[in-house]
Amino acid sequence: MSNEMINFLSTLISYPSISSNPNNSQDSKNLANFIIDSYTNLGFKMELIDNLIEGKNPLIFGKFGDDPNKKTIMFYSHYDVQPASIQDGWDTEPFDLIEKSDGYVYARGASDDKGPITATYFAMKELLETTSDIPVNIAILYEGEEESSSHGFEQTVYKNKSFFSDIDGILILDTSWFTDHRPSLDYGLRGLTYMAINVSGPNKDQHSGLVGGTIREPMSDLISILSKLIDSDGNVQVDGFYDDVLPLSDAENELYDKIDFNINDYVSYLGRNSLFQQNSKTTLMNMWRNPSLSIHGIQGAFSGSGSKTVVPASVTGKVSMRLVPNQDPKTISEIFIAYVNKIVENMNTPNSISVEPIGLGEWWYGDVNNFLFESAKSAIENYWGKEPNYVRSGGSIPIIPFMEKTFNAPAIGLPVGQSSDGAHSQNERLRIENLVGAKHVIINLLNKISNLN
Ligand SMILES: [Zn+2]
């Protein structure tokens, strides 16, 4: 079976479905049609759904079974990939899958998300071949723009949601195991508020030998603002920032004791011990359940090598905050603006300063005690013989809370690959054991859910 799975994955890989490159949009469409044909051959009802944003890749909707006595489980993945070319430093052609003797297959999209799509497809195929039925009703929802901010996803799904009947649970197959040797289940993600602070001075760039010492420079004003956003212990200084953060419950606190996470490995990954807390548990909490603020860059600033004596006329600082329950991304953007305005008032500067949000994303906080999580945990334990890591990741996937609301059903993240797979990087890979294991876990999980009825 694993050869058949690898062949199928290799075919998915061969379509360079790079969503950020418009030249690949026909490849993406061809791949979407291949996936649709494959599921149609299994007896699924499939539809290619045009993206409501013109020129963006279509979505794939599918379903199997409409027995009202069964639960309906939705599978989400994306069929688009990050760009890749051998010139980027790949050892082999990124769109030709190769199997190496280390037990991994290598190709762009192997782990993110063509492997997960393959595992799902073969789980369905095997169920139909061995029992000529699937024990629950299935809904398939795949998109082709995930690597490009999920363009058009929310409006297109919302408009076409009547394709699906009632959904009971959503499986997100688009994350990875937290550590290499223990499976994970994901129950949370942080949200995001991304802000731009612009400071504008003279009407064009100036020479420091000419104007230096005569004007209040935009860059100095911006640095002064940026320096007041966070203190040296990592505390965000924005007034009211922590007001809505949910306190830690005893049950949540206990979950952190069981995670297999070693602070020394993390420090060696970083290459320097610059941690705020020298403790595994509190570091994990800082990564997953506490909010944070990062300063990413200054647009318009000189950033080349050597010395250039420019005085930039206008600079924009880019700052983002990762948010947790119950912080509201929009409220955070408003209090951030109010805080910067307060700093600016005290600066008494002639430069013009504006602050605006350039990206908002909601956090997601699932329930580790619902039927979906419990069934997945037991399916994983059955196959892998280990309890999964319960992961609440520090990143953001805003479509998950959107799907929970739109389909009024809980979601969980069921990762297929490992975090060391190099998704988005050179020589992306997937362990064959993980690919085959994911198929078994899905079959197991659907059988368990059907027994709950
Ligand atoms: Zn992905």
Side-chain angles (χ1 to χ4, degrees), residues 9 12-13 15-21 24 27-28 31-32 35 51 56-60 74-84 88 90 94-95 97 104-121 140-154 156-157 170-178 180 183-192 322 359 361-364 366 391-404 411-431 434-435 438 441-442:
L9 174 58
L12 300 186
I13 296 285
Y15 296 91
S17 50
I18 303 165
S19 51
S20 60
N21 188 346
N24 291 110
D27 298 310
S28 297
L31 172 58
I35 294 170
N51 196 310
K56 298 301 176 189
N57 291 326
L59 285 79
I60 298 172
M74 174 175 271
F75 285 79
Y76 165 90
S77 292
H78 59 86
Y79 66 84
D80 63 318
V81 294
Q82 288 276 326
D88 299 340
W90 284 67
F95 294 99
L97 178 131
Y104 287 78
V105 290
Y106 289 76
R108 168 58 84 234
S111 182
D112 182 20
D113 262 350
K114 291 175 177 177
I117 291 175
T118 302
T120 307
Y121 171 76
I140 298 282
L141 174 42
Y142 292 161
E143 68 161 316
E145 289 285 339
E146 198 275 343
E147 303 293 7
S148 303
S149 316
S150 290
H151 282 305
F153 181 83
E154 297 194 1
T156 308
V157 169
I170 303 165
L171 296 172
I172 306 289
L173 276 73
D174 183 30
T175 52
S176 51
W177 290 10
F178 183 58
D180 270 4
S184 300
L185 280 174
D186 303 292
Y187 70 101
L189 290 158
R190 294 195 289 187
L192 182 77
R322 295 283 172 173
E362 279 188 61
W363 45 261
W364 166 55
V391 175
R392 191 170 149 183
S393 143
S396 306
I397 310 181
I399 58 130
I400 300 182
F402 164 80
M403 286 172 73
E404 282 193 328
I412 62 166
L414 180 67
V416 174
Q418 301 159 302
S419 47
S420 61
D421 283 343
H424 298 203
S425 181
Q426 291 88 356
N427 302 320
E428 181 179 344
R429 64 180 191 171
L430 176 66
R431 194 167 65 144
N434 281 51
L435 177 68
V441 167
I442 292 168

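First listed ligand is number 1; within each ligand, the first listed atom is number 1.
- The closest side-chain heavy-atom distance from M403 to V157 is not below 4.5 Å.
- Under the 4.5 Å side-chain criterion, counting only non-hydrogen atoms from C-beta, Q82 is not in contact with S425.
- Side-chain contact between Y79 and Y15 is absent, with no heavy-atom pair separated by less than 4.5 Å.
- At least one side-chain heavy atom of I442 sits less than 4.5 Å from a side-chain heavy atom of L173.
- No side-chain heavy atom of P83 sits under 4.5 Å from any side-chain heavy atom of N21.
- Screening D80, L59, I117 for a side chain to side chain contact (heavy atoms under 4.5 Å, CB included) with Y142, the sole residue that qualifies is I117.
- Protein N/O/S atoms found under 2.8 Å from the Zn ion (ligand 1): H78 NE2, D112 OD1, D174 OD1.
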